[in-house]
Amino acid sequence: WLAGKDTDIPTTGDIAVNENSALKYSVFFSCLRVLAETFASVPIKEYRKTKEGRDETDETGWLDILHSKANDEMSAHSFHEAMMYQLNLGGNVVCEKLLTRGGDPYGLYPQEWSNVKIVRNEYTKQLEYIIGPSTERVTKSRNQIFHVPGPSLNGVTGLSVLEYAVASIRLGLTYERFNQKFYKNSATPSGVFEHPGNLKDTAYERLKKQLAENYQGLTNAGRPILAEDGLKFNPLSIKPVDAELLSSKVFQIGDICRFTRVPPHMVAELSRSTNNNIEHQSLEFVMYTMLPHYKRFEGGINTWLLTKEQRKAGYYFEYNMAGLLRGDAKSMAEAFA
């Protein structure tokens with residue numbers, strides 16, 4: 001197999017990290033959402049090279065599919081969002097080309113990365129795509145598929161951000177699980193009960209029942225404990241801050257942002273942000289994060305959707321990033337001047 005999995009990503013801890021559990025981690029979901037929504041918000045245009053420069057056209061049959069309606073179930077915006085999620089979760093975008101009997105395109109339909117296996121035919125040495133569950137698998141040739149790999153070691157199949165970030169995602173989910181259990185058990189630190197003698201079984205069971213009903217849980221936080229028969233409560237003041245929980249969670253935000261190349265301020269982590277550096281970080285996000293994605297998809301579209309004859313005739317597609325590449329206030333004022 002070149003790409004594709006039958007099972008979840010292996011786990012060494014008690015928290016299994018797969019597509020569903022990873023997206024429940026707020027930072028990872030937020031980063032992918034930023035990438036997907038930004039990617040889908042930029043329009044794509046079809047051009048043809050001329051002696052004077054280039055002209056906008058709509059002659060290859062793919063513009064309406066990529067710009068307006070990808071298939072009978074998806075708008076182009078939804079289609080582009082889905083492609084970006086699949087690229088980050090599975091490392092590859094695999095879509096079936098929908099063609100008429102005459103070979104004219106009428107749609108693109110994305111496949112979930114977990115339902116696709118990419119193999120190389122041992123006789124023809126060409127890539128093949130096995131799509132669907134084991135009982136309903138169909139095999140498609142390279143010419144029947146629109147495939148865009150993510151960052152790749154071999155140039156053929158992409159690397160999954162989810163797979164490589166699994167340790168960081170699991171650690172973040174562990175922090176959140178700890179936080180939930182901490183506040184579920186008690187909103188205040190636990191402590192030790194001290195009794196001068198020995199509690200009888202009846203008194204011991206009654207004490208446990210009273211603690212569970214009257215003092216445990218978030219709604220009972222801060223309620224004073226009524227002690228009897230010489231019983232003393234000695235609290236243990238261990239706070240989440242003392243356990244470096246908060247600082248660890250902030251570190252995990254930065255760690256996930258490193259994997260996805262999303263600036264922390266875009267996922268509401270503003271501890272080191274100012275108005276000036278946010279403006280420049282936003283431009284850097286467009287130039288160093290989104291631009292490679294757009295170029296990757298432009299290359300895939302021009303290579304695998306257009307025919308050799310169409311490319312020779314000067315046809316090509318390009319995403320219009322003008323709206324995202326607006327400069328900061330000072331640069332725009334200087335340009336206008």
Side-chain angles (χ1 to χ4, degrees), residues 1-9 18-20 22-23 32-33 35-37 39-40 44 60-62 65-67 69-100 103 105-122 124-165 260 292-307 317 319:
W1 303 116
L2 293 178
K5 298 182 180 299
D6 280 323
T7 59
D8 294 334
I9 296 171
N18 52 39
E19 179 179 345
N20 292 327
L23 290 177
L32 296 196
R33 183 177 178 182
L35 293 172
E37 292 180 349
F39 183 75
I44 189 170
T60 65
W62 289 107
I65 296 169
L66 293 170
H67 185 272
K69 184 180 179 182
N71 54 63
D72 288 339
E73 299 176 337
M74 300 179 190
S75 67
H77 187 277
S78 298
F79 172 75
H80 279 83
E81 280 189 324
M83 286 200 299
M84 186 55 62
Y85 279 115
Q86 295 302 322
L87 186 73
N88 285 278
L89 292 173
N92 297 274
V93 170
V94 176
C95 303
E96 290 188 65
K97 297 180 185 178
L98 306 180
L99 306 174
T100 64
Y106 67 90
L108 286 169
Y109 199 92
Q111 293 291 335
E112 292 187 32
W113 68 276
S114 55
N115 288 332
V116 178
K117 294 185 184 298
I118 306 173
V119 302
R120 191 179 295 280
N121 187 290
E122 61 178 317
T124 65
K125 305 303 180 184
Q126 299 298 312
L127 294 182
E128 292 182 342
Y129 300 81
I130 303 175
I131 302 173
S134 57
T135 57
E136 302 176 4
R137 285 178 175 170
V138 293
T139 301
K140 300 285 185 178
S141 66
R142 186 66 177 91
N143 291 331
Q144 296 174 296
I145 292 295
F146 172 57
H147 173 206
V148 179
S152 174
L153 297 178
N154 58 14
V156 177
T157 56
L159 303 175
S160 165
V161 173
L162 171 60
E163 185 171 355
Y164 281 84
T260 57
H293 284 307
Y294 287 118
K295 301 307 292 184
R296 179 176 292 113
F297 277 89
E298 287 173 0
I301 291 169
N302 295 328
T303 302
W304 299 110
L305 294 186
L306 300 182
T307 64
F317 281 86
Y319 287 93

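Atoms CD1 and CD, on I131 and Q144 in that order, are 8.5 Å from each other to the nearest 0.5 Å. With values rounded to the nearest 0.5 angstrom, L89 atom CG is found 10.5 Å from N18 atom CG. Separating the OG1 atom in T260 from the CG atom in L32 is a distance of 7.0 Å, to the nearest 0.5 Å. Remark: Q86 CD to S114 OG distance equals 7.5 Å, nearest 0.5 Å. Note that CE of M83 and CE of M74 are 10.5 Å apart. Values are rounded to the nearest 0.5 Å.
Partners of H147 according to the ring-ring contact (aromatic ring centres under 6.0 Å, His included) rule, which considers only residues two or more places apart in sequence or in another chain, are Y129. Remark: T139 engages E128, I130 in a side-chain contact (heavy atoms from CB on, under 4.5 Å) (not counting sequence neighbours). In terms of the side chain to side chain donor-acceptor pair (under 3.5 Å) criterion, H77 has no residue partners (sequence neighbours excluded). The side chain to side chain donor-acceptor pair (under 3.5 Å) search around E81 returns none, not counting sequence neighbours. By the side chain to side chain donor-acceptor pair (under 3.5 Å) test, Q126 pairs with no residue at all, sequence neighbours left out. With sequence neighbours excluded, the residues that form a ring-ring contact (aromatic ring centres under 6.0 Å, His included) with F39 are H80, Y294, F297, Y319. Legend: residues meeting salt bridge (charged side-chain N to carboxylate O under 4.0 Å, His left out) with E37, ordered by chain and number and at least two apart, are R33. The side-chain contact (heavy atoms from CB on, under 4.5 Å) search around A82 returns none, not counting sequence neighbours. Qualifying side-chain contact (heavy atoms from CB on, under 4.5 Å) partners for L306, counting only residues two or more places apart in sequence or in other chains: T60, W62, N302, Q310, R311, Y315, F317. In this structure, the side-chain contact (heavy atoms from CB on, under 4.5 Å) partners of E73, at least two apart in sequence or on a different chain, are N71, Y109. Every residue two or more places apart in sequence or in another chain that forms a salt bridge (charged side-chain N to carboxylate O under 4.0 Å, His left out) with K140 is listed here: E96. Residues passing the side chain to side chain donor-acceptor pair (under 3.5 Å) test with E136, sequence neighbours excluded: none.
Under the 4.5 Å side-chain criterion, counting only non-hydrogen atoms from C-beta, L35 is in contact with N88. W113 has its side chain out of reach of S160: every pair of non-hydrogen atoms, C-beta onward, lies at least 4.5 Å apart. Between L127 and I145, the closest side-chain pair of non-hydrogen atoms is not below 4.5 Å.
Judged by distance alone, the side chain of K97 and the main-chain N or O of L305 form no donor-acceptor pair under 3.5 Å. Although no hydrogens or angles enter the test, the distance criterion places a donor-acceptor pair under 3.5 Å between the side chain of N92 and the main chain of G158.
When all heavy atoms of L162 and A22 are compared, the closest pair comes out as CD1-CB, 3.4 Å. P149 and V156 make their closest contact through CB-O, 3.5 Å (heavy atoms, listed as atom of the first residue, atom of the second, distance). The minimum heavy-atom distance between K295 and E298, with the atom names listed, is NZ-OE1, 3.0 Å. Between R137 and G132 the shortest heavy-atom distance is CG-O, 3.3 Å. Listed here is the closest heavy atom pair of Y106 and I65: C-CD1, 3.6 Å. Closest heavy-atom contact between E112 and V116: O-CG2, 3.5 Å.
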